[in-house]
Amino acid sequence: MADHRRQFRAIKGTRDILPPDSALWNWFEQTARDLFESYNFRDIRTPAFEDTNLFARSVGEETDIVHKEMYSIGDSLSSNLSFARWMLSKSHETSVRTHDIQPFWKSVDSFLRACDEAFASEEIGRKGDDDVQCFEKIKAIRSEAGNDPENTEDAAREILSLANTIGLHGLMSLRPEATASVARAYIENGMQTLPGNVKLYYIGPMFRRERPQKGRYRQFYQIGAEVLGQSDAPAIDAEVLEMLVVFFKRVGLTRTTLYVNSIGCKECRPKYVEVLREKLREVKDQLGPDSQRRIDTNPLRVLDSKLPEEQAIIAKLPRISDHLCAECREHFAKLKEELNMRGIAYEENWRLVRGLDYYTRTTFEVTAEGLGSQNAVCGGGRYDGLVELLGGPPTKGIGFAIGSDRAILSIQEGGTLPHLSGLAVFVAWMGQAAYPTAVHITRKLREAGLAVELPAEEMKFKKSLGLADKLGARYALIIGEDEVAAGTFTLKRLADSEQKKLSEYELLEYLESERRGRG
RNA sequence: GUGAGCGUAGCUCAGCUGGUAGAGCAUCGGUCUGUGGCACCGAGGGUCGCGGGUUCAAUCCCCGUCGCUCACCCCA
């Protein structure tokens with residue numbers, strides 16, 4: 001018996017994309033394919049899940065993104081360990097709030113015990129050397145910190161980050177993005193030996209364990225492109241941006257804005273971050289609690305703050321454009337020249353930053369209308385450090401990812417919707433004598449590439465036409481006694497009721513040319 | 001993790017200081033056995049998200065819970 005209370009429903013943050021929306025999605029993705037191929041990008045399909053460490057390393061292991069925001073499966077160590085780690089981060093939060101470090105040390109001890117047990121279990125063969133090293137390190141820090149209460153804060157943070165890396169061996173995660181996967185595939189398949197720059201694109205679902213909100217899902221879809229190779233010529237960046245702009249134009253997403261910035265390289269950015277941090281400390285008491293926290297954790301993110309009362313302060317902060325090294329400044333200037341030459345409209349946004357270390361120089365973002373606070377439909381940038389970070393040869397890279405969910409939402413909320421052709425022909429047959437003819441001609445029409453609906457059961461003629469109308473068919477093909485006797489078909493155009501008698505040959509000719517006319 | 005708003009038919013919603021439910025659209029059938037869109041008539045479809053409390057009586061009031069939505073945090 002069906003129990004309404006226990007009906008299955010899509011998991012939080014996931015959804016069904018149904019017709020007719022799914023046709024819009026297919027068109028959206030096909031438009032990307034066609035366009036990207038014309039820029040000589042090629043499709044790459046990587047697995048939907050990968051070694052957790054791939055994502056952990058690319059995203060920076062010190063962040064808690066790994067444990068909070070990814071879907072991970074197959075933990076080879078005991079769930080005890082996961083629980084102990086969770087307790088550890090909880091008690092750290094509490095310690096920070098209450099300024100009482102004692103509960104944290106207790107959690108550290110029970111975490112170490114959990115490690116001991118996990119290492120000693122039958123799964124010991126699967127633990128990594130890294131795990132043991134981290135384990136020993138935590139032990140060392142823990143005993144040291146007891147003697148030096150000055151540094152407990154730093155020690156705690158280090159322990160947390162070490163703890164987060166233990167037990168990741170054999171752990172797999174659903175991909176939260178695809179750049180790391182593409183970089184991994186590039187390395188694994190020796191693609192650096194391919195001629196020229198390697199230009200790849202991908203289309204598919206990604207997974208992040210975030211609270212859903214407007215345009216934000218736990219399973220969401222991205223269309224991305226990456227250029228990997230030896231060159232970091234600004235023209236590559238410009239071509240990627242051109243392709244992006246053309247894409248948004250082609251899908252009718254007109255009210256978009258492209259923001260561009262340069263965040264320097266590993267030489268100049270750290271210096272800027274320090275300058276920024278210094279300045280932020282000076283104005284600390286004028287900032288909200290979130291921004292105050294970011295001064296230490298991620299000063300660049302302060303620039304992102306949306307709080308109205310902070311805007312005036314942020315406007316006076318030092319800008320990275322004044323702190324770029326000569327090479328980066330040159331690269332950015334050339335990029336802007338290229339964009340102008342290509343007639344690409346953009347806005348320079350010095351507050352557009354990316355937090356992760358492997359990002360270099362060019363960053364960009366596209367925002368669209370009608371999306372509430374989640375208005376970015378595309379983000380990207382240069383990541384010259386990533387491939388090497390993942391153990392590959394020194395390689396330059398740039399790429400972007402378009403959030404399809406949001407982009408399509410924006411199209412639906414004010415863009416120009418494409419006219420997507422649906423059902424071409426509804427075969428309105430009546431009388432068993434007409435049925436074999438109906439089956440035959442239906443197959444012929446389908447072979448010619450037309451979408452055809454053939455009712456499985458005989459219907460009253462009026463119903464038949466009514467259904468044809470409701471299904472949105474462009475034509476009704478009428479086959480009854482008269483047609484069978486005369487060996488012809490009656491084709492009725494539903495839009496204007498125009499009707500003509502045709503032979504099979506004429507019918508196929510007519511409908512095929514009509515189809516070609518529709519593109 | 002935090003906050004706010006909302007849960008009544010497939011969809012959009014109504015429901016009066018509390019008297020165990022309605023409309024429009026959609027679906028199906030009929031008027032209508034060779035001509036759709038219109039009109040008219042009819043039908044199916046609901047333990048009013050779930051649990052508890054107050055009450056003679058709860059869709060309505062109270063508490064809890066689950067779900068959805070939006071925003072914050074985060075955003076690779």
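From a predicted model like this one, the values you see are computed outputs, not experimental measurements. Reminder, nothing fancy here: chain letters follow the sequence lines and each chain counts from 1.
- Remark: the separation of the C1' atoms in B/C66 and B/C25 is 30 Å, to the nearest Å.
- The gap from the C1' atom of B/C13 to that of B/G3 amounts to 27 Å, rounded to the nearest Å.
- Residue A/Tyr359 has its side chain nearest to B/A76 when only B/C72, B/A76, B/U35 are considered.
- Nucleic acid contact class of A/Arg216 (heavy atoms, under 4.0 Å, all strands): base.
- For an aromatic pair to be called close, the ring centres must be under 6.0 Å apart, and A/Phe28 with A/Phe247 satisfies this.
- For B/G34, the base has a donor-acceptor partner in the side chain of A/Glu483 [N/O atoms by modelled type, under 3.5 angstrom].
- Residue A/Arg293 has its side chain nearest to B/C74 when only B/C74, B/A71, B/G37 are considered.
- The side chain of A/Glu177 has B/A76 as its nearest neighbour among B/C70, B/G37, B/A76.
- Heavy-atom contacts from other residues, nucleotides or ligands closer than 6.0 Å to CD of A/Glu458 number more than 12.
- Inspection of the A/Glu226 and A/Thr179 side chains reveals an N or O donor paired with an N or O acceptor under 3.5 Å.
- Among the nucleotides B/U35, B/A76, B/C28, the one closest to the side chain of A/Lys470 is B/C28.
- Spacing between B/U69 and B/G51 at atom C1', rounded to whole Å, works out to 23 Å.
- Rounded to the nearest Å, the gap between the P atom of B/U20 and that of B/U59 is 9 Å.
- More than 12 heavy-atom neighbours from other residues, nucleotides or ligands sit within 6.0 angstrom of CZ on A/Arg281.
- Put simply, the side chain of A/Gln499 and the base of B/U35 share a donor and an acceptor less than 3.5 Å apart.
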